[in-house]
Amino acid sequence: MMERYKIPRTKELEFGGPLGAMILIFLMPATVFYLLLTCHTEQASVLNFPPPLPPLSTLWSPHTFLLLLAWVGLQAALYMLPMGKVTEGIILRDKSRLQYRINAFHAMGVTALVVGAGLAAGLRLSYIYDHFLQLAFSALLLAFGLSFLLYFKSLFAPDTTLAPGGNSGNPIYDFFMGHELNPRIGSFDLKYFCELRPGLLGWALVNMAMLMKETELRGSPSLAMLLVNAFQLLYVVDALWNEEAILTTMDIVHDGFGFMLVFGDLAWVPFTYSLQAYFLVNHPQKLSLSMAVGILLLNGLGYCIFRSANSQKNTFRRNPNDPRVTGLKTIPTATGRRLLVSGWWGFVRHPNYLGDIIMALAWSLPCGLTHVLPYFYVFYFTVLLIHREARDEHQCLRKYGLAWQEYCRRVPYRIFPYLY
Ligand SMILES: NC(=O)C1=CN([C@@H]2O[C@H](COP(=O)(O)OP(=O)(O)OC[C@H]3O[C@@H](n4cnc5c(N)ncnc54)[C@H](OP(=O)(O)O)[C@@H]3O)[C@@H](O)[C@H]2O)C=CC1
Ligand SMILES: CC(C)CCC[C@@H](C)[C@H]1CC=C2C3=C(CC[C@@]21C)[C@@]1(C)CC[C@H](O)C[C@@H]1CC3
């Protein structure tokens, strides 16, 4: 009976297979340190390669490592608190459904109170700026440690609980992609927890620390720093408010919890997504009011597209008869589900990615046009989303077959209208 539910071997390997995975395991941490070290130099020039390297011994600090553990521990404790509703994830291969507690928004509120109380008691958030490299190194160690534990745990997991994308049989590939789909300790879901909480909230906290540092250095925060903080905080709050939507993403449904997501969640997001704010501390930018208004409008445009496209699809998936989506045209598929072919999803095949990329640009523009470094996020993110779009198309073609081909015929552009 269980044989029927066994996860088949992963045949189509992504990221260049085991060799690509091996390269990425080194390249991802190296990129974080390259960006942070370059950003700390006076020129912040991407051509200054390699940037001055600090002795390895200065990167390790037991104090910052304990602080990082305390941060993750606080988020874990908040995740376990019985606040917020409990919901079910998608139907798994063995027809079961896992339960998830939806309380990330509550966790954010409590975290804000804790940080606020700390500030009132004289806590210097700029400590994060002063120990940024050590914190990034601690996050790297934590990510490696957790990934090894997860891989070890997955070796004892039942065959039915493995990840469709990380069951190749090659240890390096499976370590990178994640061998187990939803690793849990009791009801504590490690992937779901890491995807939104320590990293995303950590990113907002790092940004705030950069703002505090700038205030300490120059007496008040700059307009550019305020914009970067406000835009990215909106993005984090939005993700936490819409926590339930994460349950249908390919990260939760398809990918295992391995080095890629562990490192992505715990180190990549908080330490590279905050690069613009880190850059602004040492490289202040003058922003005219008209420029600021233009950037504000650009971020508003990106956010409107991102949010309304995501909401349109989520509403339609939850209830196709919801009056907000009943006027939209659809294509039937053999699975019984329909595909939207008008509204945002008739404009391009991934309108939410388009909005996200527009926002990415608005987050970098406050850093001026003199440096390439703060635009790293725009380049990386465009590549990430183009790759992600291709992965999603591949899975949709498998899921919906001819109906997906018809959708692609009727909506020919993937992300950028008339371009791509
Ligand atoms: N900041 C960051 O680092 C990142 C941000 N993101 C953002 O997260 C959000 C979620 O992205 P992601 O998880 O990649 O995927 P999407 O939210 O784009 O979901 C893709 C799925 O939507 C469904 N779908 C596709 N086309 C249609 C259609 N025409 N009608 C109805 N349903 C359709 C399909 O699933 P099904 O049919 O099974 O419902 C498909 O698999 C996005 O806004 C993205 O920009 C993502 C990655 C990184
Ligand atoms: C650099 C690596 C090769 C890949 C790392 C990928 C991760 C950083 C991202 C994979 C999917 C993500 C999502 C988000 C954050 C980044 C990661 C973890 C969101 C939570 C961001 C907020 C959005 O509203 C939802 C996103 C879901 C996917």
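Because only heavy atoms are used, hydrogens play no part in the values below, and waters and symmetry mates are left out as well, while side chains stay in.
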Test your reading of the model: is there a side-chain donor-acceptor pair from [X] to the backbone of [Y], 3.5 Å cut-off?
{"X": "Trp344", "Y": "Gln312", "answer": "no"}
{"X": "Gln99", "Y": "Glu88", "answer": "no"}
{"X": "Thr58", "Y": "Pro54", "answer": "no"}
{"X": "Arg391", "Y": "Ile386", "answer": "no"}
{"X": "Lys191", "Y": "Leu261", "answer": "no"}
{"X": "Asn314", "Y": "Asn310", "answer": "yes"}
{"X": "Asn242", "Y": "Asp238", "answer": "yes"}
{"X": "Thr10", "Y": "Pro164", "answer": "yes"}
{"X": "Lys213", "Y": "Ile128", "answer": "no"}

The test is side-chain contact (heavy atoms from CB on, under 4.5 Å); show your working for Asn182 and Phe257 and say whether it passes. CA-CA 7 Å; Asn182 301 301; Phe257 196 37; over 6 Å; no
Measure up the [X] and [Y] rings against each other and bin them: parallel (under 30°), tilted (30 to 60°), perpendicular (over 60°).
{"X": "Tyr273", "Y": "Phe381", "value": "perpendicular"}
{"X": "His283", "Y": "His371", "value": "tilted"}
{"X": "Phe271", "Y": "Phe132", "value": "tilted"}

Using residues 135-156 as the side-chain source, report each donor-acceptor pair under 3.5 Å to any protein atom, sequence neighbours left out, with the distance given to one decimal.
residue: Ser138; atom: OG; partner: Gln134; partner atom: O; Å: 3.0
residue: Ser147; atom: OG; partner: Ala143; partner atom: O; Å: 2.6
residue: Lys153; atom: NZ; partner: Glu180; partner atom: OE1; Å: 3.2
residue: Lys153; atom: NZ; partner: Glu180; partner atom: OE2; Å: 3.4
residue: Ser154; atom: OG; partner: Tyr151; partner atom: O; Å: 2.6

Verdict with supporting geometry, Tyr127 and His63, side-chain hydrogen bond (donor to acceptor under 3.5 Å, both in side chains): CA-CA 12 Å; Tyr127 174 95; His63 191 234; 2.9 Å; yes
4.5 Å side-chain heavy-atom contact, [X] and [Y]:
{"X": "Pro320", "Y": "Arg338", "answer": "no"}
{"X": "Cys408", "Y": "Glu393", "answer": "yes"}
{"X": "His394", "Y": "Glu12", "answer": "yes"}
{"X": "Met260", "Y": "Asp255", "answer": "yes"}
{"X": "Phe193", "Y": "Val72", "answer": "yes"}
{"X": "Leu275", "Y": "Pro374", "answer": "no"}
{"X": "Ile23", "Y": "Phe15", "answer": "no"}
{"X": "Leu365", "Y": "Leu369", "answer": "yes"}

With no hydrogens and no angle check, do the side chains of [X] and [Y] hold a donor and an acceptor under 3.5 Å apart?
{"X": "Ser311", "Y": "Arg307", "value": "yes"}
{"X": "Tyr380", "Y": "Trp268", "value": "yes"}
{"X": "Asn282", "Y": "Tyr129", "value": "yes"}
{"X": "Tyr400", "Y": "Gln395", "value": "no"}
{"X": "Thr335", "Y": "Arg337", "value": "no"}
{"X": "Arg197", "Y": "Asn103", "value": "yes"}
{"X": "Trp363", "Y": "Gln232", "value": "no"}
{"X": "Asn207", "Y": "Asn229", "value": "no"}

Determine, stepwise, if the pair Leu201 / Gln75 fulfils side-chain contact (heavy atoms from CB on, under 4.5 Å). CA-CA 9 Å; Leu201 281 172; Gln75 294 311 320; 3.4 Å; yes
More than 12 heavy atoms of other residues, nucleotides or ligands under 6.0 Å from [atom1] of [X]: yes or no?
{"X": "Leu419", "atom1": "CG", "value": "yes"}
{"X": "Arg124", "atom1": "CZ", "value": "yes"}
{"X": "Met83", "atom1": "CE", "value": "yes"}

Would you compute the distance between atom [atom1] of [X] and atom [atom2] of [Y] and round it to the nearest 0.5 angstrom?
{"X": "Phe176", "Y": "Phe259", "atom1": "CZ", "atom2": "CZ", "value": "7.5 Å"}
{"X": "Asn167", "Y": "Leu162", "atom1": "CG", "atom2": "CG", "value": "5.0 Å"}
{"X": "Trp60", "Y": "Leu133", "atom1": "CH2", "atom2": "CG", "value": "15.0 Å"}
{"X": "Leu354", "Y": "Arg349", "atom1": "CG", "atom2": "CZ", "value": "13.5 Å"}
{"X": "Ile252", "Y": "Tyr192", "atom1": "CD1", "atom2": "OH", "value": "8.0 Å"}
{"X": "Asn352", "Y": "Ile357", "atom1": "CG", "atom2": "CD1", "value": "10.0 Å"}

Check against side-chain contact (heavy atoms from CB on, under 4.5 Å), Thr330 and Val341: CA-CA 5 Å; Thr330 59; Val341 76; 5.6 Å; no
Applying the ring pair (Phe, Tyr, Trp, His ring centres under 6.0 Å) test to Tyr413, which of Tyr418, Tyr353, Phe347 qualifies? Tyr418
Under 4.0 Å between a side-chain nitrogen and a carboxylate oxygen: does that hold for Asp392 and Lys399? no
What I want to find out is whether Lys85 reaches Glu244 closely enough, with some N-O distance under 4.0 Å, to be called a salt bridge. yes
Taking the ring of Phe306 and the ring of Tyr235, is the distance between their centroids below 6.0 Å? yes
Compute the centroid of each ring, for His179 and then for Phe175, and state whether the two points are separated by less than 6.0 Å. no
Between Ala224 and Leu287 the two heavy atoms that sit nearest each other are CA-CD2, 4.0 Å
Sequence neighbours left out, what pairs pass side-chain hydrogen bond (donor to acceptor under 3.5 Å, both in side chains) with at least one residue falling in residues 28-57? His40-Tyr278
Test log, rule side-chain hydrogen bond (donor to acceptor under 3.5 Å, both in side chains), inputs Ser222 and Gln285: CA-CA 8 Å; Ser222 62; Gln285 302 291 319; over 6 Å; no
Trace of the side-chain contact (heavy atoms from CB on, under 4.5 Å) decision for Arg101 with Ser187: CA-CA 9 Å; Arg101 187 169 282 287; Ser187 63; over 6 Å; no
